[in-house]
Structures are given as structure tokens and as C-alpha cells.
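Please read all numbers here as calculations on a predicted model, not as lab measurements. Start at 1 and go down the list; that is how both ligands and their atoms are numbered.
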Amino acid sequence: MQYNKMNDLDLAHKTVILRGDLNVPVQNGQVSDFTRIDRLKPTIDYLRAQNARIVVMSHFGRPKGTANPEFSLSFLTATLEARWGAPVAFASDCIGTIAEDAVGALHDGEILLLENLRFHGDEEKNDKGFAQQLAKLGDAYVNDAFSASHRAHASIAAITDFLPSGAGLLIQEELDNLNAILGNAERPMAAVVGGAKISTKLSLLSNLVKKVDYLILGGGMANTFLLARDIPVGKSLVEPDMVNEAQNIMAAADAHNCQIILPIDVSCAKEFAANVPNEIHSTSTIPADLMVLDVGGESINNVKEILQDCKTVIWNGPMGAFEIKPFDIGTNELAKTVAQLTQSGALKSVAGGGDTVAALDGTNSSKDFTYISTAGGAFLEWLEGKTLPGIAALLTNKKAA
Ligand code: AMP
């Protein structure tokens, strides 16, 4: 697959629109994981070395087409300055005169961050007119938002119709590594998928069961699978309207010889809060007045045994409500296990996704994984064998996509 790279474009002294993914995890108003920011730095450095004027744009959260200050990117400039080691100006809109004036004030090598793209509903509609307004701001376009490249949005796809375009260094690194490790993955292969809900990962789960030998489920989404097996889950986060889908996924897994592994025991509490008393219960006897907030020790031991038999594991989504203690234990223990097996040479491991990387950092184990992707959804969709819309838009022969 041949795609255009920024290194092939003439960017010296040009105004370059750089699509990053600055949708970083935030806790109490503070960035809780810098991975996406730090992994964009090589591209920033490259562009600064070219004396380019750098116009950074990104989405943040889901403001759904309205300028909701809660989702403003303005809070991020100080962090970007500290991590990138350069001043970062801010424009309070990503199109129109506000953005155009801010771009006009830039000098060679300077950086401007535009306000959240998703303040405009046209961004998620891949609207050509909106893309054209963005394109008006620069001479060239660089996509380095690998983790957003599974979305055909205006700043990812349509914009490439209007400017010379290429992939940044992060996208190149991600594709090189994912191809090398997972292009011809050694079996048995397991996918660990956690996180809050099935509904957001439905198509991924349906496809994963066709690709992997084990689908290990944790987090809130495992509750819906338990319910689909007629196991009551008390007051847990659960999606009763997804029970049918969960049953379909289980049937597809059977048909493709993929074993779905659900928690055997769980850590429960009365409320979703830090340091509340917790109780461990077998999944078959979850008390009606408690909610499941993490997987238990038996479940982790079970997963450890399965992973000892595997050659490749991919991981997206935490095993529990890892932000609040003691419900980080399941995720932390599993992270340590995968790290140890990787370091011993028994396993190749790839983890990805904002929350997942933040969760792994709790045990400082990310460095021991074979590869950490900045992407969650995008890397799972890449695994399905799809050409991501963001990459398709950069193909040297677009019509072949
Ligand atoms: P996602 O963005 O879908 O990967 O979900 C990550 C979120 O899932 C984290 O904020 C976790 O707190 C949350 N989560 C994981 N397990 C549970 C659970 N058992 N109950 C409630 N929330 C959970």
C-alpha cells in the first residue's frame, strides 16, 4: 500500500495544517496521559526544522456540533508548550476570520492550535465546504492523527481533496509497527477488550471473533455478556438492549472457533467511588444491591493461564473502573502479566487507546509491551484488514482504495 508521506512534500516556509489527535485523557482538568502529545513531537520538530508555520487542529470529546466551552481545547496550550518545548498560540475558532487572522499572524517555525473541530457539525459529516474552509488556512496538509483515521471526517478525509497531503511521522511509525507485529501474527492470538460499553465497540467485537483464538472480555462490557448468559449483574453498568447483540457475537465466536472468556469472579461495591468497601464475588452470585467495578483474582489467574498459551495479544480497554482504587487491580495485574510474558520472549503484545495507555501507565509497564499504539478503535479496525479512511485519502492512487 503506497501512501503519500509528508517527507515527500516541499514544506519549507509553508503554512502546514497538521491534523493531530489531541483528544487526550483528562482527570480533574489535568491531562492524565501525555502519550498522544509526545508522539506528535517528532512531526512538530520536523516541521519546525523546515521553518514551516504549523497550524495544529484536533477534535476533543463529543461536543456534537456546538461550541460548548466544556470541550474547548484552549486549556491545552500550556501543556503543549511544555511537552513540545515551543510557544503555542490559540485561535478560538477553527475556520473563518478568527482562524485566518491567527494564521496570518504566524511567523516561520511558529505553532498555532485551532479550537475543537467538532464545534462544527460539518466536521463529522465529512462536509466538503467545511474541509475547503479548513484547507484555506494552509499550503499543505499533514495527517498525523492515526487514532482518528478510522473516521471519514472533514479534517481527515475531505480536506485531502484541496491540498497537497501526506502522512506525518507518527502515522508512518504506527503502520510500520502494526504491519511488522500483526501483519502475519503468530497464533494462538488473544484479544483483550474492556471498557465501559459494548455499544461503542460492537462492530469491532463482531469482527475480532473471526480473527482471534480468544476474546477476553472485562470492564463494564463484560456485564452485558454475563446478562446474555442469564447471569444477573446487580446494579452494574449494563446495556440490556445489547443482550441480543452479545448473543450474536457469542454465536459468531462459536462458528469461528474463538473462545470468549468472561470474568469468573468480580470486585463489587455499592457505588462508583474511590476507596469504598469492596467485596469479591463469584460471577454466578453477584448480589442484587452491588455493582461490578473490576474483575477478581480468579479471573486474572484464568487469563494468565490462557496468555501463557498464546503467542500474540492485542489489548484495548481497561478491565475495570481503573481510575478509582481499588478497582485498578485487575487492569494492573493483567498489565504486569502481559509485560512479563513479553519480556520473557513468550508473547508479542500490542496495546492501544487513550484510556488503555493511561491504565497501563499505572504500573509503568507500557515500556515492556512490544508496541503501544496511540489508537484504540483505529488499530482494531486496521486489524480487520480495512484501509482506514484517513489512509485511503492519502493513497498515491486514491481510486484503488
Ligand atoms: P472505554 O472508553 O469504552 O474504553 O471505557 C473506559 C471506561 O470504562 C473507564 O472510564 C472505566 O472507568 C470504565 N469502566 C470499566 N469497567 C467498568 C465497570 N465495571 N463499571 C463501570 N465503568 C467501567
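- For ligand 1, the 4.0 Å heavy-atom shell takes in Gly195, Ala196, Lys201, Gly219, Gly220, Leu237, Phe272, Val292, Leu293, Pro318, Gly320, Ala321, Glu323, Asp355, ordered by chain and residue number.
- Both tests do not hold together for Lys325 against Phe327: distance to the six-membered ring centre under 6.0 Å, angle to the ring axis within 45°.
- Considering only residues two or more places apart in sequence or on other chains, Asn316 meets the side-chain hydrogen bond (donor to acceptor under 3.5 Å, both in side chains) condition with Lys201.
- Side-chain rings of Phe60 and Phe75 approach one another, their centers coming within less than 6.0 Å.
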For a side-chain hydrogen bond (donor to acceptor under 3.5 Å, both in side chains) check, start with the C-alpha distance between Ser147 and Asp21, then their side-chain angles and the critical distance, and finish with the verdict. CA-CA 7 Å; Ser147 39; Asp21 184 353; 2.6 Å; yes
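- Every residue was checked against the side-chain hydrogen bond (donor to acceptor under 3.5 Å, both in side chains) condition with Lys311, not counting sequence neighbours, and none meets it.
- Residue pairs meeting the side-chain hydrogen bond (donor to acceptor under 3.5 Å, both in side chains) criterion with at least one partner in residues 227-253, sequence neighbours excluded, are Ser199-Glu239.
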